[in-house]
Visitor: 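For reference, the structure I am asking about is given below.
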There are 2 protein chains.
Amino acid sequence: MDNIPIVFNQIYDISHAAKKALSAISSIKNYEKNELIQPIGSRCKTVYVIKKGAARIFYLKEGNDITEHFAFDNEVIVRAESLFTGNPTLKGIQAIEVTSLIAIDAPSLFTLYDEYHDIERLFRLIFEKEYVHTVKRIESLQFQSATERYADLLETTNLVDKIPLKYIASYLGITQVSLSRIRANFR
Amino acid sequence: MDNIPIVFNQIYDISHAAKKALSAISSIKNYEKNELIQPIGSRCKTVYVIKKGAARIFYLKEGNDITEHFAFDNEVIVRAESLFTGNPTLKGIQAIEVTSLIAIDAPSLFTLYDEYHDIERLFRLIFEKEYVHTVKRIESLQFQSATERYADLLETTNLVDKIPLKYIASYLGITQVSLSRIRANFR
DNA sequence: AAATTCTTTTTACAAATGTTAAAAAAGGAT
DNA sequence: ATCCTTTTTTAACATTTGTAAAAAGAATTT
């Protein structure tokens, strides 16, 4: 049962039986730096939790690689627009560095919801949190300047140290050149 | 039990007992055009479903009124960042036109989750949908031009007919002046 | 260590959007 | 219908961001 994310305990405590059932549909996977975890165009059938490392959700817009989301140690990563609709998505998931993660099979998970009320609750709470994160991100994209967004990123994360700037630029909704300019003003 | 949103039936069917319990914590409220439904700075303790009308979530950024979200007939409207954290929020809710809505008391609702598994599931599914909407909105804000965002809005909604442009502009992340210019190019 | 590749910065110019103010248009009130 | 208020458009100019290309810097491979 070492394939149950430790962070889950802090969110909602589930029964021993539930843990066993959850463990049975979870597995630990390891990825190299830059390795693709889920390809563009696939359906999201896995809930990932990062044990150690970093990953991003990305897609292509007119040939440009755009990073929509970053996830780090102990964070959940899913392509919600596919997981919760069953539709394929044009987004992929990629490891940014050497990454070890727990992969939970989503169809099995949804089946467990019927048998284990506490599992459903745990994941309800998990995704409510994710939902709140996306709402906050809208706020920042909607009416902050690129400079403000970059400053916030500096304050709230240590992203800049470990992640290529090209990924960060598109995450902020700007080009690499623009981010480079903003960084120059910070010195 | 006419205070249970009809749309709920299409999402997940709950038991008669659950409906009764849900009905007991729900009430119908009516608002005038421009009337404030929830003030800025409050905690979100209500899940609203619009029966008829339109409402928006808004906040102030450096004195400017910014619309973050619109909701219309049969749509849910909540300030997620407060509802799911318990924290107060700097966002408010306002009726854009004469609006009738169903107000579900959130603390009571969360209590019902324990007794009625099907109510928890219904609302899990409801908020998963909302979550997916916010993810799609990030996509549009992150790397579409203002013109693209406006074009999409025209295609997918009839917002422009009934809602002041000043609200739409900030929703798109641009100024009124800029939106007016974009509209001029569309003719 | 040199060569190669990838990433980041810089430059110059173009396009998009913001700001301020005024004019025009639309909507409500009397 | 006229007046008053609010909303939308237009104009002129400033600022920000994008684009393309080159240069500089890091990282990786040989």
Side-chain angles (χ1 to χ4, degrees), chain A residues 32-36 53-54 56 58 60-67 70 94-98 138-154 158-187, chain B residues 32-36 53-54 56 58 60-67 70 94-98 138-154 158-187:
Chain A
E32 293 304 313
K33 180 170 176 174
N34 294 330
E35 194 177 348
L36 201 60
R56 69 185 186 111
F58 70 102
L60 299 175
K61 153 120 187 168
E62 289 154 23
N64 297 312
D65 179 313
I66 296 180
T67 297
F70 291 115
Q94 185 188 26
I96 300 174
E97 36 184 73
V98 172
I138 285 177
E139 228 175 292
S140 106
L141 284 169
Q142 192 180 358
F143 252 94
Q144 282 187 301
S145 68
T147 305
E148 286 177 293
R149 293 201 292 278
Y150 179 68
D152 278 4
L153 209 63
L154 281 183
N158 53 351
L159 237 81
V160 186
D161 305 330
K162 34 179 170 178
I163 293 186
L165 280 194
K166 58 175 181 173
Y167 293 161
I168 295 176
S170 68
Y171 178 79
L172 294 174
I174 55 177
T175 59
Q176 280 178 62
V177 178
S178 206
L179 177 54
S180 195
R181 251 185 312 231
I182 287 166
R183 279 160 62 87
N185 290 333
F186 267 71
R187 290 180 309 234
Chain B
E32 292 305 312
K33 180 170 176 172
N34 294 330
E35 194 178 348
L36 201 59
R56 70 184 186 111
F58 70 101
L60 298 175
K61 153 119 187 171
E62 289 153 22
N64 295 313
D65 180 314
I66 296 180
T67 297
F70 291 115
Q94 184 188 28
I96 300 173
E97 36 184 73
V98 173
I138 284 177
E139 228 175 292
S140 106
L141 284 170
Q142 193 180 356
F143 252 92
Q144 282 188 299
S145 68
T147 306
E148 286 177 294
R149 293 201 293 278
Y150 179 67
D152 278 4
L153 208 64
L154 281 183
N158 52 352
L159 238 82
V160 186
D161 305 330
K162 35 180 171 177
I163 293 185
L165 279 195
K166 58 174 179 172
Y167 293 160
I168 295 176
S170 68
Y171 179 78
L172 293 173
I174 54 177
T175 59
Q176 279 179 64
V177 177
S178 206
L179 178 54
S180 194
R181 252 187 310 231
I182 287 167
R183 279 160 62 89
N185 290 333
F186 267 70
R187 290 179 310 233

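Residue numbers begin at 1 in each chain, while the letters A, B, ... track the order of the sequences.
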Visitor: Nearest 0.5 Å please: distance from the CD1 atom of I168(A) over to the NZ atom of K162(A).
Guide: 11.0 Å
Visitor: Please identify each residue that fulfils salt bridge (Lys or Arg N to Asp or Glu O under 4.0 Å) with D65(B), with sequence neighbours left out.
Guide: R56(B)
Visitor: At their closest point, which heavy atom of E35(B) faces which heavy atom of E32(B), and how far apart are they?
Guide: OE1-N, 2.7 Å
Visitor: State, to the nearest 10°, the angle formed by the axis through the first five base pairs of the helix from dA1(C)-dT30(D) to dT30(C)-dA1(D) and the axis through its last five.
Guide: 40°
Visitor: State, yes or no, whether a side-chain contact exists between F58(B) and L36(B) at a heavy-atom distance under 4.5 Å.
Guide: yes
Visitor: Polar atom pairs between nucleotides 5-8 of chain C and protein, under 3.5 Å, N or O only, would you list them?
Guide:
| residue | atom | partner | partner atom | Å |
| --- | --- | --- | --- | --- |
| dT7(C) | OP1 | K166(A) | NZ | 3.0 |
| dT7(C) | OP2 | K166(A) | NZ | 3.0 |
| dT8(C) | OP1 | L165(A) | N | 2.9 |
| dT8(C) | OP2 | L165(A) | N | 3.0 |
| dT8(C) | OP2 | K166(A) | N | 3.2 |

Visitor: State the CD1-CZ distance between I66(B) and F143(A), to the nearest 0.5 angstrom.
Guide: 5.0 Å
Visitor: One character per nucleotide, please: for nucleotides 11-26 of chain C, 5' to 3', B when the base has a protein heavy atom closer than 4.0 Å, S when only the sugar-phosphate does, - otherwise.
Guide: BB----SBBB------
Visitor: So where does chain B start and stop touching DNA chain D, 5' to 3', when the test is distance under 4.0 Å to a non-hydrogen atom?
Guide: dT7(D) to dA12(D)
Visitor: Please enumerate all residues that pass salt bridge (Lys or Arg N to Asp or Glu O under 4.0 Å) together with K61(A), with sequence neighbours excluded.
Guide: E148(B)
Visitor: Heavy atoms, side chains only, cut-off 4.5 Å: are F186(A) and L154(A) in contact?
Guide: yes
Visitor: Quick one: list whatever passes side chain to side chain donor-acceptor pair (under 3.5 Å) with R149(B), sequence neighbours left out.
Guide: none
Visitor: To the nearest 0.5 Å, how far apart are CZ in F70(A) and CG in L153(A)?
Guide: 7.5 Å
Visitor: For residues 169-181 of chain A, run the donor-acceptor check on the side chains, cut-off 3.5 Å, and write out each pair with its distance to 0.1 Å, sequence neighbours left out.
Guide:
| residue | atom | partner | partner atom | Å |
| --- | --- | --- | --- | --- |
| S170(A) | OG | T67(A) | N | 2.8 |
| S170(A) | OG | Y167(A) | O | 3.3 |
| T175(A) | OG1 | S178(A) | N | 3.2 |

Visitor: For the CD1 atom of I163(A) and the CD1 atom of I96(A), what is their distance to the nearest 0.5 Å?
Guide: 4.0 Å
